[in-house]
Amino acid sequence: MAKPSRKGTSEPLATVRFWGVRGSTPTVDKATWRYGGNTACLELTTPTGARVILDCGTGLRMLGRHLESAPESKRIEPHVFVTHYHWDHIQGIPFFSPLYAEQNCFHFYSFRSEYLGRDSLKRVFEAQMAHPYFPVDISAMSARRNFTEVAGGDLFEVPGARVKTSWLHHPQGCLGFRFDTSAGSIVYATDNEPGDPKLDDSLRQLAAGADIFINDAQFTPEQLSTSRKGWGHSTWLEGVKIAAEVGVKNLVLFHHDPDSTDKNVDNILREARGKFANVWAAAEGMVMTLGDANLEVVIPAVREGLRRDTHFRALVTGFTDTGMAFEEETVIRDLSLQGALIYLDHSPRLQSELQVQLDNPGIGGSTDGPLRLRGYVVRIETEAEKDRTAVGIVFTE
């Protein structure tokens, strides 16, 4: 459950930021803009301040731009974990600008592929940028790069975290990673398909008791049992089963299918929360902060389209972050075609639905009745107005 902000805290914190959450191929259509269209890339900051990058999909490009603008951009030295060599997990590498700066140093970790042999990840770098696939070759990357081969069952450390690896069930191989820190434990286990008893058990051991379990949820249970069987991916239902069985505190649904619209992901999240309380759907820009057994989740506001100050009376219904139903009259003061900012006495949960009934001042050519909309909570600010909660919503229909 998301907790209030811990501003000024001195406790050790670990943060996970999502830069790419899509699977298979990036998407650019508006139907996927809310969760995001970049492929897999996460940034973990350990309690000691060390930066860990998980996978190098197209989200890596935006991470690179962020790093270049950060105060510490004069020299960065992250640890980069690549789960496997499929295109959607490496395609951001040539576009990651910090790799072209000679003052930077990168520590890469991945496994030796039976198809590529020794120095597999280094060879992936070279092949991806070889002619005629890319205009410049690997020599253009002037940053120092160190490559470490790891395998399932390995235990080692990076600054601020103890790392455990596990093989996952995926074509051509894949690794899952667990990071145990003083602030909590994070498990990253994308691209895994249930059905291999030994690997299924390994995944459960990897996820046991995790504070954050980021799991593949690309397909629906129906797809996995029919047309997508053998493709190497899992479902929200399998993630829920694992989370419940091994005591996971928070489950994050990840690696969204490119054909899954925001509404599809909304529906998946709703079904998952019906069976396991603390489920989140990974969204680009989402930040999860762990510390002192608490979890804070922040989803950045998406402000698309022209907004206007308004004064519409509205009736809002939904559920609070503790699961209680509420109905409240309020006034909407900030409205666009895509969403609104609403001040409420109640505090709904992030990524939950709200029903909004507006007095209709002729919108849509009708003045006979209220305008009924369905909204989706993407932002909560508990200190925005005295004794009230500022709730940012996106209209989904």
Side-chain angles (χ1 to χ4, degrees), residues 2 16-42 57-59 62 88 190 214-223 228 233-237 239-240 250-276 278-288 297-307 316-319 334-342 348-356 371-380 391-397:
V16 179
R17 184 186 297 268
F18 294 79
W19 292 97
V21 302
R22 192 67 52 175
S24 300
T25 186
T27 61
V28 295
D29 50 294
K30 290 189 69 174
T32 61
W33 66 266
R34 182 155 40 89
Y35 286 102
N38 280 303
T39 56
C41 181
L42 279 66
T58 57
M62 297 303 296
D88 51 331
T190 187
I214 302 161
N215 190 61
D216 188 302
Q218 178 157 347
F219 298 140
T220 65
E222 295 74 23
Q223 287 175 317
R228 299 296 186 264
H233 297 286
S234 190
T235 73
W236 67 265
L237 183 57
V240 163
N250 292 274
L251 169 66
V252 181
L253 307 178
F254 184 73
H255 209 272
H256 308 310
D257 192 86
D259 289 328
S260 289
T261 65
D262 290 333
K263 289 184 179 181
N264 293 146
V265 179
D266 291 343
N267 292 334
I268 288 170
L269 178 61
R270 188 184 308 112
E271 289 191 77
R273 281 183 171 173
K275 294 183 178 293
F276 188 81
N278 291 337
V279 184
W280 308 91
E284 277 185 35
M286 185 168 79
V287 179
M288 308 183 84
V297 181
V298 175
I299 299 175
V302 180
R303 300 178 70 89
E304 180 179 290
L306 187 63
R307 285 181 176 264
V316 180
T317 58
F319 290 88
D334 185 353
L335 180 69
S336 77
L337 292 176
Q338 287 81 27
L341 186 66
I342 304 174
R349 188 176 186 181
L350 272 174
Q351 296 190 328
S352 66
E353 274 189 357
L354 295 179
Q355 304 292 327
V356 181
L371 180 65
R372 291 179 172 85
L373 300 169
R374 178 176 294 174
Y376 190 80
V377 179
V378 296
R379 172 183 166 200
I380 294 178
V391 179
I393 67 171
V394 169
F395 296 133
T396 57
E397 60 181 64

**Request:** Taking all heavy atoms of Thr32 and all of Ser260, pick out the closest pair and write down the distance.
**Result:** CG2-O, 3.6 Å
**Complete:** Note: Gly23 and Pro258 closest approach over all heavy atoms is O-CD, 3.2 Å
**Prompt:** Minimum heavy-atom separation for Ala40 to Phe254, with atom names?
**Reply:** CB-CZ, 3.8 Å
**Prompt:** Looking only at heavy atoms, what is the nearest atom pair of Ile380 and Pro348, with distance?
**Reply:** CD1-O, 2.9 Å
**Prompt:** Under the side chain to side chain contact (heavy atoms under 4.5 Å, CB included) criterion, do His255 and Asp88 qualify, and how do the steps go?
**Reply:** CA-CA 10 Å; His255 209 272; Asp88 51 331; 3.2 Å; yes
**Request:** Look up atom OG1 in Thr261 and atom NZ in Lys30, then write down how far apart they are to the nearest 0.5 Å.
**Result:** 14.0 Å
**Request:** State whether the side chain of Thr27 and the backbone N or O of Asp29 hold a donor-acceptor pair below 3.5 Å, judged by distance alone.
**Result:** no
**Asked** To the nearest 0.5 Å, what is the distance between CG (Leu253) and CG (Leu269)?
**Response** 6.5 Å
**Message:** Less than 4.5 Å apart, side chain to side chain, heavy atoms only: is that true for Asp262 and Tyr376?
**Reply:** no
**Message:** A side-chain contact here means heavy atoms from C-beta on lying under 4.5 Å apart; do Gln351 and Met286 qualify?
**Reply:** yes
**Asked** Within a strict 4.5 Å, meaning less than it, do heavy atoms of the Val279 and Trp236 side chains meet?
**Response** no
**Item:** Derivation of the side chain to side chain contact (heavy atoms under 4.5 Å, CB included) call for Leu341 and Arg379
**Value:** CA-CA 9 Å; Leu341 186 66; Arg379 172 183 166 200; 4.1 Å; yes
**Prompt:** Distance from Leu237 atom CG to Lys275 atom NZ, nearest 0.5 Å?
**Reply:** 6.5 Å
**Message:** Test your reading of the model: is there a side-chain donor-acceptor pair from Gln355 to the backbone of Arg372, 3.5 Å cut-off?
**Reply:** no
**Asked** Any side-chain donor paired with an acceptor under 3.5 Å for Asn38 and Thr58?
**Response** yes
**Item:** Val240 to Leu251 - nearest heavy-atom pair and separation
**Value:** N-CD2, 3.6 Å
**Message:** For Trp280, does the six-membered ring have the charged nitrogen or CZ of Arg349 within the cation-pi criterion, i.e. under 6.0 angstrom from the centroid and within 45° of the normal?
**Reply:** yes
**Prompt:** Is any side-chain heavy atom of Leu354 less than 4.5 Å from a side-chain heavy atom of Val391?
**Reply:** yes
**Request:** Under the ring pair (Phe, Tyr, Trp, His ring centres under 6.0 Å) rule, collect the residues that match up with His256, sequence neighbours excluded.
**Result:** Tyr35
**Backbone N/O of Asp257 and side chain of Arg22: donor-acceptor pair under 3.5 Å** = yes
**Message:** For a 4.5 angstrom cut-off between non-hydrogen side-chain atoms, does Gln218 reach Arg228?
**Reply:** no
**Request:** Taking Thr39 for its side chain and Gly57 for its backbone only, find out whether a donor-acceptor pair lies under 3.5 Å.
**Result:** no
**Prompt:** Should we say atom CZ of Phe319 is surrounded by more than 12 heavy atoms from elsewhere, each under 6.0 Å from it?
**Reply:** no
**Asked** Is the backbone N or O of Ser234 less than 3.5 Å from a side-chain atom of Asp216, with the two atoms forming a donor-acceptor pair by type?
**Response** yes
**Message:** So which atom in Asp259 and which in Asn264 form the shortest heavy-atom distance, rounded to 0.1 Å?
**Reply:** O-OD1, 3.6 Å
**Asked** How about Ile214 and Thr190: do any of their side-chain heavy atoms sit closer than 4.5 Å?
**Response** no
**Fill in**
Sorted by chain and residue number, the ring pair (Phe, Tyr, Trp, His ring centres under 6.0 Å) partners of Trp19 (sequence neighbours excluded) come out as His66
**Asked** What's the spacing between Ile268 CD1 and Lys263 NZ if we round to 0.5 Å?
**Response** 14.5 Å
